[in-house]
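Have a look at the structure below before the remarks.
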Amino acid sequence: MRLDGMLAASDAALSAAAAPLAEELLQLGETILETWLAAHGEIATDRKVETFRLLALHRQGARGDASFNACRETCRELVYHYNLVRLEPGHAEVARRLRLGAMVARHLMLFIGGKLEVAGLGDFCCASRPLRQLDASMQTNETV
Amino acid sequence: MSDKHKQVAYYPGCALEGTGHAYNRSTKEVGKALGLDLVELKNWNCCGAMEVKNIDPKLQTYLSARNLSIADAMGFDTVMAPCNGCYHNLKKAEYDLAKDPPSREVTDRLSRKAGHATYEAGKVTTIHALDWIKESVGEQGLKARVKNSLKGLKVANYYGCMYTRPRHIFPEKDKGPGSESTSKPHFMDDLLAAAGAENVEYPLKTACCGGAHTLSDSDTSTKLVLNLLTTAEACGADVIATECPTCHTGLEMHQVRAEKVFGRKTSVKILYFTQLLGMALGLSARRVGVQENFSDSTGLLRARGLG
């Protein structure tokens, strides 16, 4: 089910397919990060961090580009909502949890999509480029 | 609760004198109402924000170090900065000067050239407005002073991204019970709950709003903000509480832009957490600068008996 379809679906429809929809959201997150890695010529890892490939993919994406950490909590929120649904698929709030998970996935998609177009997205918030990149400090030595 | 932050040096930063004026006003008013004392740094300068930092990070460190040295010269060991960007940059300068000898060398050299005292690492600690209130008054202290409860107001607390990242420049966070968390910050939630607000579970409280590209790639920022707004609404929030002038302005401006460009209207209101706390403490909406906000929350606040 597409994200907009999931967001528009009735509570009953979401509740009836809670577990597969949670899987779908998690896989969508993985696909989003795989797209980022592929665009950077990397082979997406099959490893897992804390039992989730999504978190391993995030860690891989952030290696060498710390501004990628701007979506770290977004990935973790996606995992959190996945866990909520999988652990309590019959919970009264399962439809709401799926919708929120879909919104988190949408944010991840928007962030990565934006970052593919504008690499600097996330630099401001992590403020990591000048802090961690060697070339930035070398440039400083020349200019100050 | 402690008296440590009862009187602190205040670094408003450039934004609070401009677009974030309502944050400046409400922070000062809340301080007064809580019996806390803010002493503005004399002759402070820009913290280096993103422009200077992206061109020359060590120059940014020097600019922030100068502000820390002013606080030291004024006899303070704590600087309070309400802006997430300023808070972040001052903390980063603290870190750089303690851990990075080349930064130390550049800062010392520029200080000598400028003719003022250099900053000695470790002498001044920067705190955010959230730490300032949380640690000096605390939830119980705040609760005891509430005159106009925020009861019935559903709030999504948006911390933004600079308040928590990168985590190594905030050694006081992630220390377990009682400390702030970088992955699930909660100080704003705690304070507003003490003032009577009903905090909603908001999964995007630290998500990127695209603030750095608000001018260069407005559509990306608008899409990210629109998702923050619609998610807050889906969580049942009446208000998004902010703690940063950049986030606040971004949310307000892109809310309008989202309607114009994407035809998607959202009705959630944007208010600084200090404005909400101020009204809970019995201050008028005008006193905490609600009229200066772009997002018109007058109707909502009246309906909740606030302002």
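Every chain is numbered from 1 and lettered A, B, ... according to where its sequence line falls, protein lines coming before strand lines.
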- Item | Test salt bridge (Lys or Arg N to Asp or Glu O under 4.0 Å) applied to B:Lys205 and A:Glu77, step by step | CA-CA 10 Å; B:Lys205 55 172 62 175; A:Glu77 282 289 345; over 6 Å; no

So the salt bridge (Lys or Arg N to Asp or Glu O under 4.0 Å) pairs with at least one residue in residues 83-98 of chain A (sequence neighbours excluded) are A:Glu23-A:Arg86, A:Glu88-A:Arg97, A:Glu93-A:Arg96

Is the number of heavy atoms from other residues, nucleotides or ligands within 6.0 Å of NZ (B:Lys154) greater than 12? no

The reported gap from OG1 in B:Thr206 to CD in A:Glu73 (rounded to nearest 0.5 angstrom) is 4.5 Å

side-chain hydrogen bond (donor to acceptor under 3.5 Å, both in side chains) filter on B:Glu201, not counting sequence neighbours, yields none

With chain B, the option among A:Glu117, A:Met103, A:His107 that has the most non-hydrogen atom pairs under 4.5 Å is A:His107

Heavy-atom closest pair (A:Leu100 atom, B:Ala234 atom, distance to 0.1 Å) is CD2-CB, 4.4 Å

Closest non-hydrogen contact found for B:Arg165 with A:Ala70 is NH2-O, 3.6 Å

Turns out that what part of B:Thr230 lies under 4.5 Å from chain A's heavy atoms comes down to both

Whatever's closer than 4.5 Å to a heavy atom in chain A on B:Leu224 counts as both

Filtered by a 4.5 Å non-hydrogen cutoff, the part of residues 235-243 of chain B contacting chain A is B:Cys235

- Query: Side chain of A:Arg106, backbone of B:Asn227: donor and acceptor closer than 3.5 Å?
  - Reply: no

The salt bridge (charged side-chain N to carboxylate O under 4.0 Å, His left out) partners of B:Asp100 (sequence neighbours excluded) come to none

